[in-house]
Amino acid sequence: MDYHEIDKKWQKAWDDARLFEGDVSNKDPYLITVAFPYVNGPQHIGHLRTFGIADVLARYKRMSGFNVLFPMAFHATGTPILAFAKRIRNNDQDLIKDLKLFHIPDSDIAKMTDPLFIADYFRNEIEKGMHEAGYSIDWRRKFVSIEPFFSKFVEWQFGILNSRGYLVKGKHPVGWCPNENNAVGMHDTKRDVEPEIEKVAGVKFKVEGEDTYFLCATYRPETTAGVTNLWVKKDSRYALCRIDGKDTFYVAKAASDILKYQMKVEPIGEISGSDLLSKRCLNPQSGASLPVFYGEFVDDAFGTGVVMSVPAHAPFDYAELEKLKSQGIAKDIKPIRVIEIPEGAHPEFSQTSSMPGYLDAPALAYIEMFKSQDSDDVLELATKQQYKEESHLGKMILEGYAGMGVQEAKAKITSQMLSSGKAMDLYILANSPVYCRCGYPIVVNVVDQWFLNYGNAQWKKQAKEAYSAINVLPEKSRKAFDSAIDWIDLRAVARSQGLGTRFPLEQDKIIESLSDSTIYMSFYTISNFLRGIDVEKLKPELFDYIFLGKGDAEAVSAGTGVGYETAKRCRESFEYWYRNTSRHSGPDLIFNHLTMYIFNHSTIFDKKYWPKQIVVNGSVLSEGEKMSKSLGNIVPLVDALGKYGADVMRTMVAAGADLFSDSEFSDEAARGLDERFGYLHEVAQRVSDSDGGELRHIDYWMYSRMNRKVREVTAQIEKLELRGVSTAVVYDSVLELKRYLSRAEPNGMVLKEYISNVVLMMAPMAPHIAEELWHDLGNENFVSIEKWPSPDESMISDKIEAEEALLDSIISDSKQVIALMKKAGKEPKSVTLIVADEWKRDLANELCKSKSIKSVIERLNGTDPAIAAPEREKAIKYVQQLAKKLNSMRVSETSQEEEFKLLEEASRYLYESLKYPVAIEQESKSKSQRASNALPQRPSIDIHS
RNA sequence: GCAGGGGUGGCAGAGCCUGGCCAAAUGCGACGGGCUUAGGACCCGCUUCCUUUAGAGGAUGCAAGAGUUCAAAUCUCUUCCCCUGCACCA
C-alpha cells in the first residue's frame, strides 16, 4: 500500500467535503478540546499522543451519532518564546543544532530572533503536521493566544475573578537572576534545572557582651538545644548588618549578598572570620555559652555562612570537632543529645544505646557504615541517613518535649522560636548553585506578587462540586485530582516579562501563561464569529451576554457595536457546544492546568456548562526512553509521517499503550501494524458480493467473534482503552481471518460483513486506510461519518466458539501423538476420532452443577432416569475419574450428535492440518480399543500405524 | 519527605476491579523443523524444572514475606524497589 498517496487522497476528500466543520444543529453536541500546543518548537511524535487520542474520540463520537466539534488553537504566551529568540540572538549552538535536527533551514533560523516570527513559524508547522496526521479538526476556529481578540476575552475573565475577590496580593519567594532582574524558572536556567527553594529556620544566637547576634540557617531547628558551638569559615569576610531594620547580625559577606534579595540587609561593618573566634554566644534554647570555631566544610555563600554545630546529631559537626580535639582545641566540648532512637526501633542499631558516649544512632556508626562504601561523600551520606532515621524513628529526650516524635517537635519548636523572636524564616536555594541562562548564579528573592487565591474556601468548595460531576478517564487518575484540588493554593498570576495579556490590576505586568488559558476552550465556540471584528468592540458586556446570558442581544449590540446577528449566534453556539465537553491533556497538567480549569469553570460559568469529562493520557517513549534532545531519540513528526504514513503512526501513538501508560514508538511496532494493515487490505480486495449459501459452523463462529468484538471494542473505546481496541481490531482480526480462510472456503457475505465491521472499528484510529478499504468494499460514502456498528447479541455464542476451540485442541493433541509415534519408529496412516457417548455428558454436567461426587454416585445407584447410564460400574469409574478435574470443569452444551457433526463438517480442515485421513466415530459404535477414553469435549484419538 | 501511579515469563504487554477453564493472551526475540536458489516472506513446533516413548503427571512460579480461602498473579497486611509531580514553570 502506498500510504502517502492514500493519506493525501482522503485528506483532500475530507477537506473538500468539509467533513469536520462543526456547527450548531439539532443533534447532540460533543466538544473535544486538547491542551493547545505551545509554539516554541518543532513537533515531534511525542506531542501527538494527546491530540491523537482526542482525535480517535472525536471520530468515534462522530460515528456514534454526535455532532462533534474538535477545534484547535495555539499557545504562545509567557517567556519561552522570548527566551528562544534571545538564544538565537546569542547564536546558541545547542538550540540551532536541535532545530537542524528538524530540518529547519538556516534562512528560517536566522529570522528567529523575532519572537512573533517564531510563534507564527511553529504555528504553521504544527498545523501542517496535524493536517497531515489526519486529525478531524475544524480549522475555521483556530487562533493564537497572543491575538488581541483573545486578550479581550482574558481581560473579561480576570474582571470576573477580581470581582469575586480571588485576586490577592502577597509575598512569595522565587528563583531570581540578579543580573537580569527577573524571576527564573526551570526553563530559564542552564541545563533546565529547577531552582529548589526551601524554607529553613534562621536561628539567632545572641553574642555575649554585644547587642548583636549570629544568624544560623538550619534544617533542624529542633536540635538547637544540642548546639555546642558555632562554625565560621576561615579567611572569609563577615558582615555586621541590620536586617529588616531591626536586629543586627554577623553573617558571611558572601551570604549577605544573597540574603539581601529576600530581606532588607543594611551593612554596618565588616570583620574577618578570625575576629569572630574570640566571641562567644548564647544558645537561645538552653542558654549555654558557646564558643566559635573554624569549620572547614562551611560554605560562606550558602545560608548565612554561620553554621550551628550539633555533634550529637550531625556527622559533619562530629567529625570536625574530633579533628579539632586531636589538635588540642575544643577539648571540653561534649555532644548533647536531644533525640534518641528507642531501643529496638532501629533494625540495625539495636545495641546503640550502649555505644560509648553518644546518640542512639551515633554519627560515628554512620560514618563507619559509609566508609565501607568507598564513597567520597561519607559525611554527606551519613548526614542524610541520620536525618532520615531520626526524623522517622526518633523521639525527643529534650526537657519539655520528651517522648515527642521528631517531626512534631520540629514544627512546635520552630513556631515557638519564630513567635518568641529566637528565629526567623529564611529561604535557601537547596540545589545551589543554579545558573541562569545568562550565566549568573540564581538567588532567592521574596517578591510582592498578585496571586489567584485557589486556597479560598468558598472557591475550593465550588471546585469540588464541579469536580464531583466530571467523568475522569482513566478512572485511576481520579484520586490525583482530589489531592490537587485540596493542595492548590496561592498561584502567582502576573509576570514582569513575556508575551500575553496585560494584567488589569497592574498594567506593566503580563498575565502568567497558565492562568490565561483556563477557560479558553469556551472561546472556540465563538472564535470564528469574532474574527475580524474591531477588538475595541469586544467589551466585557459582550462576553457577559455570550457566556453568562446577561442582558439581550439587542442591547449588547447597541452597547458594543457588534452586530446583533453575531452576538446572538455566539450565544447560541456557546450554549450549544458547551453542554457536553471532553478535555484532554497529559498527567503533568493535573496539578496545575487541569485543576485550574476546574476552579475557573466552577466560578465563572453556570453549572450547565461545567466540564463533563477530563481525559488524562501518558506520553510517548522512543527506544524505551522519554523523548529528549539529550538522548537524541526524538522522532520529528515529519520524519515519522514520511516513514510510516499517518495511520501506522497514529495507531502506534494513540493505541500503543493504555490511556495512562506511555506508548512505545518503534520500528518493530510499526512493522507489525504495517503487516496487519496490508493483510486486511489484501483480504478486503478479494471480497466479492457472492452469496455464500447456507451458513456453516465456521460462519457462525465468525459471526460470533465479530459481534463479540463489536461489543468489546465499543465498551473499550468508550473508556478510551485504545490498546485493547487496536489489539482486537487490528491484531485479533487478522488471526481470526486467517483461521476462517484456512478452515473452509469463505462465505462471501460473511467475509464482507466481518471486514466491513473491522474497517468501521478501525476508522477512528486509522482513518485513511479505513476509507481506502471501505471503498475497496464497494462503498461510496465516507467511513468517517458512517454509523458505528452495534453488536447482534443473538449471534454471540460461547458454545460455538468453544466448539471451534475444540477442533484446535484436537489438532494439537493429534499432532503430539503423531510425533510420539514417529519418535517410536511407527509411521501413522490414519486418524480416528471417537466422540463420547451422551451419558458421559449428562454425568459430567450433573457433576459440574452439583460439584459433589458423592451425590452423583448416590443418584447413579438410585433410579434417577436423568442420569441413567448403560453400565453402572463403568459410570461410577468414570465419575471418579472426573473427580480431579471437578473444579475446572464447565458445563458442556454440545451434545454427542453436535460434536459428531462438527467433526464431520471440519474433516477437510482436520485432514489438511494433520495430513492424514481422518475418520469420525461414535463411542458406542466404535470398535477401537481407545473408544472408552472419549470424554465430552475431548474425543478419543486413535492413530493407526 | 508528601501526593499519585506501578513492579507479571528473554523483552514488550494482557490478566488483577468481579479468586477457580492461568505455566499465564498477544506481539517481538531465541531455538528447532518445513517451504525454498535464497530468505528479512510464509507455515508448523518449541521457549521454568523434573518424570513420562498416546494427547500425561508432578514441582516451582506473577517484586519479597505473611495472612484469608477448599482454591490467590488476582483479596488483606507488612517490607523492598521503580516512575511522575511538588508551583509561578509551559
Side-chain angles (χ1 to χ4, degrees), chain A residues 35 37-38 40 75-81 172-175 183-189 192 194-197 347 387-388 391-392 407 447 449-452 454 474-484 486-495 498 512-515 517 586-593 618-619 624 626 656-658 660-662 664 666 668-669 671-673 675-676 723-724 727-728 731-732 735 738 742 802 805 809-810 812-826 851 884-890 913 915 930 933 937-943:
Chain A
Y38 203 87
N40 69 332
H75 202 23
T77 65
T79 52
I81 292 177
H172 192 71
V174 294
V184 173
M186 189 169 81
H187 297 274
D188 311 311
T189 62
D192 284 351
E194 176 77 48
E196 286 171 30
I197 295 167
Y387 184 16
K388 188 173 149 192
S391 75
H392 268 149
Q407 299 191 35
V447 294
Q449 266 281 21
W450 278 97
F451 295 93
L452 264 169
Y454 292 112
E475 186 65 28
K476 67 181 165 194
S477 53
R478 189 157 193 105
K479 278 190 201 159
F481 282 98
D482 279 322
S483 8
D486 280 331
W487 160 88
I488 196 169
D489 195 7
L490 293 175
R491 165 111 204 164
V493 80
R495 290 197 68 157
E512 178 271 323
S513 71
L514 278 177
S515 301
S517 52
D588 48 330
L589 296 186
I590 292 178
F591 279 82
N592 45 54
H593 167 74
S619 53
K626 199 161 181 140
D658 260 341
F660 205 63
S661 320
D662 298 336
E664 174 73 17
S666 67
E668 197 182 86
R671 207 179 64 220
L673 282 167
E675 276 167 17
R676 269 67 178 192
R723 168 100 187 175
T727 306
Y731 290 87
D732 293 348
L735 292 177
K738 283 185 178 175
S742 69
S809 73
I810 289 171
S812 130
D813 286 350
S814 302
K815 280 182 175 171
Q816 223 175 106
V817 176
I818 288 168
L820 283 171
M821 284 185 75
K822 283 186 173 170
K823 212 169 150 192
K826 286 184 267 184
K851 293 277 175 207
K884 267 189 198 162
K885 297 173 181 159
L886 195 57
N887 280 327
S888 59
M889 270 168 62
R890 301 281 139 140
S913 304
K915 315 279 188 232
R930 299 184 186 276
N933 291 346
Q937 310 263 54
R938 194 167 180 277
S940 175
I941 297 167
D942 195 355
I943 297 183

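By convention in this document, chain letters (A, B, ...) are assigned in the order of the sequence lines, proteins followed by strands, and residues within each chain are numbered from 1.
B:C31 and B:U48 are spaced 16 Å apart, taking the P atom of each and rounding to whole Å. The C1' atoms of B:C77 and B:G27 are separated by 36 Å, rounded to the nearest whole Å. Rounded to the nearest Å, the gap between the P atom of B:G10 and that of B:A25 is 14 Å. Only the P atoms considered, B:U84 is 45 Å distant from B:G33, to the nearest whole Å. Taking atom C1' on both nucleotides, B:U79 is separated from B:C22 by 27 Å, rounded to a whole Å.
Across all strands shown, B:A41 forms no Watson-Crick or G-U wobble pair with both key distances under 3.5 Å. Base pairing analysis places B:G85 opposite B:C2; the two distances defining the Watson-Crick or G-U wobble pair are each below 3.5 Å. Look at B:U48: its Watson-Crick or wobble partner, with both distances under 3.5 angstrom, is B:A59. With a cut-off of 3.5 Å on both pairing distances, the Watson-Crick or G-U wobble partner of B:C70 is B:G20. A 3.5 Å limit on both hydrogen-bonding distances identifies no Watson-Crick or G-U partner for B:U53. Of the nucleotides present, B:G27 is the one that pairs with B:C11 by Watson-Crick or G-U wobble criteria, both distances under 3.5 Å.
Under the rule for a side chain to side chain contact (heavy atoms under 4.5 Å, CB included), the partners of A:K476 that lie at least two apart in sequence or sit in another chain are A:P474, A:F660. Listed by chain and number, the residues in a salt bridge (Lys or Arg N to Asp or Glu O under 4.0 Å) with A:D942 are A:R930 (sequence neighbours excluded). Under the ring pair (Phe, Tyr, Trp, His ring centres under 6.0 Å) criterion, A:Y454 pairs with A:W459, A:F599, sequence neighbours left out. With sequence neighbours left out, the side chain to side chain contact (heavy atoms under 4.5 Å, CB included) criterion links A:N40 to A:Y38, A:P80, A:I81. With sequence neighbours excluded, the residues satisfying salt bridge (Lys or Arg N to Asp or Glu O under 4.0 Å) with A:R491 are A:E512. Remark: A:H172 pairs with A:F451 by the ring pair (Phe, Tyr, Trp, His ring centres under 6.0 Å) rule, at least two apart or across chains. Not counting sequence neighbours, the partners of A:D486 by the side-chain hydrogen bond (donor to acceptor under 3.5 Å, both in side chains) test are A:K464. Not a single side-chain hydrogen bond (donor to acceptor under 3.5 Å, both in side chains) links A:S513 to another residue, sequence neighbours left out.
Residue A:K476 places at least one side-chain N or O closer than 4.0 Å to OP1 or OP2 of B:G6.
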Base versus backbone protein contacts along nucleotides 7-14 of chain B [heavy-atom cut-off under 4.0 Å; B, S, -]
------SS
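A:K738 comes within contact range of the sugar-phosphate backbone alone, with a heavy-atom separation under 4.0 Å but no base atom that close. Residue A:H172 is in base contact, counting any heavy-atom pair closer than 4.0 Å across all strands shown. At the heavy-atom level, A:T727 lies nowhere under 4.0 Å from the strands shown. A:D489 comes within contact range of at least one nucleobase, with a heavy-atom separation under 4.0 Å.
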Quick one: which protein N/O atoms are closer than 3.5 Å to N/O atoms of nucleotides 27-35 of chain B? Pair and distance per line, please.
residue	atom	partner	partner atom	Å
B:C28	O2'	A:E668	OE1	3.3
B:C28	O2'	A:E668	OE2	2.8

Enumerate all atom pairs, one protein N or O and one N or O from nucleotides 45-55 of chain B, separated by less than 3.5 Å.
residue	atom	partner	partner atom	Å
B:A54	N7	A:R930	NH2	3.2
B:A54	N6	A:R930	NH2	3.4
B:A54	N6	A:I943	O	3.0
B:A54	N1	A:R930	NE	3.0
B:A54	N1	A:I943	N	3.2
B:G55	O3'	A:Q816	OE1	3.3
B:G55	O2'	A:D813	OD1	2.6
B:G55	N1	A:P939	O	3.2
B:G55	N2	A:D813	OD2	3.3
B:G55	N2	A:P939	O	3.2
B:G55	N3	A:D813	OD2	3.3

